[in-house]
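Numbering of residues begins at 1 and proceeds along the displayed sequence. What you see below is based on every heavy atom in this structure, not just the backbone, and it leaves out hydrogens, waters and symmetry mates. Counting starts at 1 for both ligands and their atoms, following the listed order.
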Amino acid sequence: MKPPLQWSAGEAQLGGVGVEQIAATCGTPLYLYDQSTFLAQLRRLRQALPEAIEIYYSVKANPNPKIISIFVERGCGCEIASGGEYVLARRAGAAPEKIVFAGPGKGREELEHVIAHGIGEIHLESFDEMALAEEFAENLGERVSVALRINPSTASGGGLLMGGQPTAFGFEEESLPEVLAGLARCPHLRLRGVHLYTGTQILDAQALLAHWRHALTIARQTAELRQEPVRTIDLGGGLGIPYFAHEKELDLEALSSGAQALVRDAHSDRWLEHSRFVVEPGRFLAGPAGLYVARARSVKSCRGTTFVVLDGGMNHNLAASGNLGQVVRRDYPIVNLSRREGAESTVVVVGPLCTPIDTLGRKVRMSSPRTGDLIAVLQSGAYGMTASPLEFLGHPTPAEVLVGAGQYEVIRAQQTGFGASRTVREQNESSLLSTEVKL
Ligand SMILES: Cc1ncc(COP(=O)(O)O)c(C=O)c1O
């Protein structure tokens, strides 16, 4: 699934709007998001999954409230990883009971905040968190719903593994009896379910299904140990999207038939017959809709290699530079939005930072770029701007713009100066002022 770029008189358009027009108005670099692609990804997943599986959007993938609201308005819950994401999800309209909170190091303040303001489930990952949640629930005089995040004994198939090996995430599967015994000593916590999330960027439907089956087994064990039904089985996220030439789309048909069998199996079990399932994808829902667009400041040759130097790079799109966890660095799809026809060349696409790791594309084939061209990195809607070191070297932050039905909306304005909301000129003025005060 790719955003529907169209071409008119040699110029790229997204959602019926000329990209050059948006860039001229909003400044570059910028993130462009295509509303119809967000909706298409959600529709594809909704159609593939049985009704018993609810979709929760993983806010960390792209926490812009406008984007969260696209999913919330269409019935999704939210998976959050901090008190800050809780505030964003609520601002985007998420009902507290449709929010789940995971993360290996939840702090006192954020736990207290979500418990006081309402939360669907807190996914406990340690005995320390269990004790804190119990303390706050007791102070409030209420029972708080929790689930256990389990680090399974085996996991495979993902880019970045978070389970099946020593990690900080969740309780070890082998310790389930002790964890349940601990929970039994917390009268203000109500156990609703289990949660497994072991890895991201999984493109193999069978690997995902094997992981989901494992979640079912753990849910059964939990129910049997407690002699009580399990209400929620959270299967995690991790659904992948193709970034590189050799990668294929996740087979949603295979996922669909496996998921139906899984739900049938669960619902024929006396402990799980009323259980609901949750998937919490981020990348799959948000990734394909986003383009990171930057302008070529310079096209230069060095020892036979052509470099295209953009006005933004890894400071805005760390993932595309290969510095957000990839083992092998490969190029995201990159296109020249300013010229479609004409000779092609192979170039290296870099950002403006003084480090060779600020490289977005190592061997990119595109219509021969010239200074001033707009260059887009596709598949950039997830783990883009907020997963990047925006203040590194003090360049302006990118604007975020949502495009749909022939219109566009700035959903976050560009910030110039050292990642702050002030302009460079204002910053200079204030530093002059402070120098004067010092003198
Ligand atoms: C607990 C949890 N759920 C969901 C996600 C979303 O993962 P993805 O974007 O791979 O679907 C993550 C990502 O780190 C996560 O940690």
Which atoms of ligand 1 sit under 4.0 Å from any heavy atom of [X]?
X      : value
Arg283 : 8 (P), 9 (O), 11 (O)
Tyr383 : 6 (C), 7 (O), 8 (P), 9 (O), 13 (C)
Pro281 : 11 (O)
Gly237 : 11 (O)
Thr200 : 8 (P), 10 (O)

Subject >> Nearest neighbour of atom 8 (P) of ligand 1 from the list Gly287, Gly240, Gly238, on a heavy-atom basis >> reply: Gly238
Original post:
Restricting to pairs with a member in residues 394-416, which pass salt bridge (charged side-chain N to carboxylate O under 4.0 Å, His left out), not counting sequence neighbours?
Top reply: Lys66-Glu409, Glu400-Arg412
Original post:
Could you give all pairs that pass the salt bridge (charged side-chain N to carboxylate O under 4.0 Å, His left out) test and reach residues 227-247, with sequence neighbours left out?
Top reply: Arg226-Glu228
**OP:** Answer yes or no for Arg149: is there a heavy-atom contact with ligand 1 below 4.0 Å?
**Re:** yes
**OP:** Have a look at ligand 1 and work out which part of Ala61, if any, has a heavy atom under 4.0 Å from it: side chain, backbone, both or neither.
**Re:** neither
Subject >> Location of contacts on Phe284 toward ligand 1, heavy atoms closer than 4.0 Å >> reply: neither
Surrounding [atom1] of [X] (heavy atoms of other residues, nucleotides or ligands, distance under 6.0 Å), is the total greater than 12?
X      : atom1 : result
Glu253 : CD    : no
His274 : NE2   : no
Gln227 : CD    : yes

Is the shortest N/O to N/O distance between [X] and ligand 1 below 3.5 Å?
X      : result
His195 : no
Glu280 : yes
Gly282 : yes

Original post:
Taking C-beta and beyond as the side chain, do Asp331 and Phe244 meet within less than 4.5 Å on heavy atoms?
Top reply: no
Subject >> Note: Glu20-Arg295 ion pair, threshold 4.0 Å (strictly below) >> reply: yes
Subject >> NZ or CZ of Lys60 within 45° of Tyr383 ring axis and under 6.0 Å >> reply: no
